[in-house]
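The figures here come from the full heavy-atom set of this structure, side chains too, leaving out hydrogens, waters and symmetry mates.
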Amino acid sequence: MSRQWMSDDEFDKIFDEKSAEINEQLESEILIAMIGDVNAGKSSTINRLMGDDVAQVGAKPGETQEIKKFSYKDKIIFVDTPGLDDIYSEHSDETMKFYKQADLILFFLNAAGTVLSETELKSLKRIAKVNKDLILVLNKIDAADDIPSLVKYVQDHTGYEYPVTPISSRTGENIGMLQKEVLTLLEAKKKIF
């Protein structure tokens with residue numbers, strides 16, 4: 001039996017429709033926070049998920065200097081945060097305060113850099129004590145080799161507790177997979193909210 005693959009446009013359409021459906025059933029806002037080190041692709045991923053260039057992106061680290069909310073649907077809000085390792089500690093501190101307010105967290109790791117550094121793992125554990133609704137986003141896979149080994153490394157070091165989604169916010173690779181994971185958590189959240 002052959003499996004038919006969906007195009008990116010079909011994934012985007014389904015994500016949009018399902019998000020609208022969930023949005024209608026929510027009684028309060030759901031904040032989806034993008035958290036991770038500087039230059040991990042948080043803003044670029046928001047732009048991909050929203051299908052529009054709403055979040056400012058740049059090549060230099062620290063482009064996002066404050067918490068910014070982007071309304072995807074009436075009650076589904078993507079939140080861009082400063083990098084956890086921002087050279088201005090007050091920016092990082094702002095992010096570490098905010099995660100407690102978030103309903104879902106997309107925790108970004110850089111596949112082209114030091115994947116899950118000791119500092120990142122410490123931040124992840126601190127966040128996970130308060131918020132277990134996490135997706136680990138392994139971004140920049142277009143600039144990395146042996147993605148399955150990187151995913152396994154992350155899973156091994158996080159006890160297989162969270163979904164690990166390898167994506168490229170630059171090329172759009174696997175954005176559909178991330179949309180699916182977000183929808184799964186949103187479906188669970190709508191029962192609570």
Side-chain angles (χ1 to χ4, degrees), residues 3-36 40-55 57 67-81 95 98-111 124 127-128 130-142 147-148 150-152 154-155 158-193:
R3 183 172 177 189
Q4 186 176 2
W5 294 97
M6 283 191 260
S7 71
D8 289 342
D9 289 343
E10 289 171 309
F11 267 125
D12 289 344
K13 187 175 182 224
I14 289 169
F15 184 67
D16 191 54
E17 289 171 0
K18 292 292 274 175
S19 297
E21 184 183 305
I22 292 167
N23 183 67
E24 289 297 315
Q25 298 166 1
L26 291 171
E27 290 180 22
S28 59
E29 285 183 349
I30 288 194
L31 300 177
I32 303 172
M34 312 300 201
I35 294 179
K42 301 179 296 289
S43 303
S44 300
T45 302
I46 285 178
N47 292 341
R48 283 279 177 186
L49 290 170
M50 291 189 66
D52 196 7
D53 290 338
V54 293
V57 296
I67 290 168
K68 295 179 184 169
K69 296 179 180 180
F70 301 96
S71 182
Y72 178 61
K73 300 290 178 198
D74 179 37
K75 295 179 189 131
I76 300 173
I77 315 292
F78 288 111
V79 184
D80 203 2
T81 65
T95 298
F98 178 77
Y99 78 85
K100 294 174 184 174
Q101 298 171 35
D103 298 297
L104 307 177
I105 293 175
L106 303 188
F107 192 91
F108 281 74
L109 301 169
N110 184 347
L124 176 64
I127 290 168
V130 175
N131 195 329
K132 298 265 186 231
D133 291 318
L134 282 156
I135 298 170
L136 301 179
V137 180
L138 185 60
N139 195 13
K140 302 188 180 187
I141 61 171
D142 55 300
I147 306 310
L150 292 176
V151 169
K152 185 174 180 338
V154 171
Q155 290 172 326
T158 57
Y160 292 78
E161 287 189 58
Y162 316 103
V164 179
T165 308
I167 68 161
S168 170
S169 59
R170 189 177 68 77
T171 67
E173 186 178 354
N174 289 349
I175 291 296
M177 185 188 296
L178 179 58
Q179 289 171 328
K180 184 176 176 275
E181 292 294 347
V182 168
L183 285 174
T184 299
L185 285 178
L186 284 176
E187 284 285 349
K189 282 289 183 187
K190 84 175 181 195
K191 295 177 177 97
I192 300 167
F193 287 75

Asker: Taking all atoms of both residues into account, what is the closest heavy-atom pair of Ile135 and Val182, and its distance?
Answerer: CD1-N, 3.7 Å
Asker: Might you confirm whether atom NZ of Lys73 has over 12 heavy atoms from other residues, nucleotides or ligands at distances under 6.0 Å?
Answerer: yes
Asker: Where do Asn139 and Ser168 come nearest, in terms of heavy atoms and distance?
Answerer: OD1-CA, 3.5 Å
Asker: Determine the minimum heavy-atom distance between Val154 and Thr158, stating which atoms define it.
Answerer: O-OG1, 2.7 Å
Asker: How far apart are the closest heavy atoms of Lys18 and Glu187, and which atoms are they?
Answerer: NZ-OE2, 3.6 Å
Asker: To the nearest 0.5 Å, what is the distance between CG (Asn174) and CD1 (Ile141)?
Answerer: 4.5 Å
Asker: From the options Asp103, Ile105, Asp133, Leu106, select the one residue that forms a side chain to side chain contact (heavy atoms under 4.5 Å, CB included) with Ile32.
Answerer: Leu106
Asker: With no hydrogens and no angle check, is any side-chain donor or acceptor of Asp142 less than 3.5 Å from a backbone partner on Arg170?
Answerer: no
Asker: State, yes or no, whether a side-chain contact exists between Leu49 and Gln179 at a heavy-atom distance under 4.5 Å.
Answerer: yes
Asker: Please name the pair of heavy atoms, one in Met50 and one in Phe78, separated by the smallest distance, quoted to 0.1 Å.
Answerer: CG-CD1, 3.6 Å
Asker: May I ask you to test the Leu124-Leu109 pair for a side-chain heavy-atom distance under 4.5 Å?
Answerer: no
Asker: For Pro166 versus Ile147, what's the shortest heavy-atom pair and its separation?
Answerer: CB-CG2, 3.7 Å
Asker: Applying side chain to side chain contact (heavy atoms under 4.5 Å, CB included) between Tyr72 and each of Asp16, Ile46, Ile77, report the one that passes.
Answerer: Asp16
Asker: Rounded to the nearest 0.5 Å, what separates atom OG1 in Thr81 from atom NZ in Lys68?
Answerer: 11.5 Å
Asker: Would you say Lys140's side chain and Gly41's backbone share a donor-acceptor pair under 3.5 angstrom?
Answerer: no
Asker: Can you measure from CG (Asn47) to CG (Asp52) and round to the nearest 0.5 angstrom?
Answerer: 7.5 Å
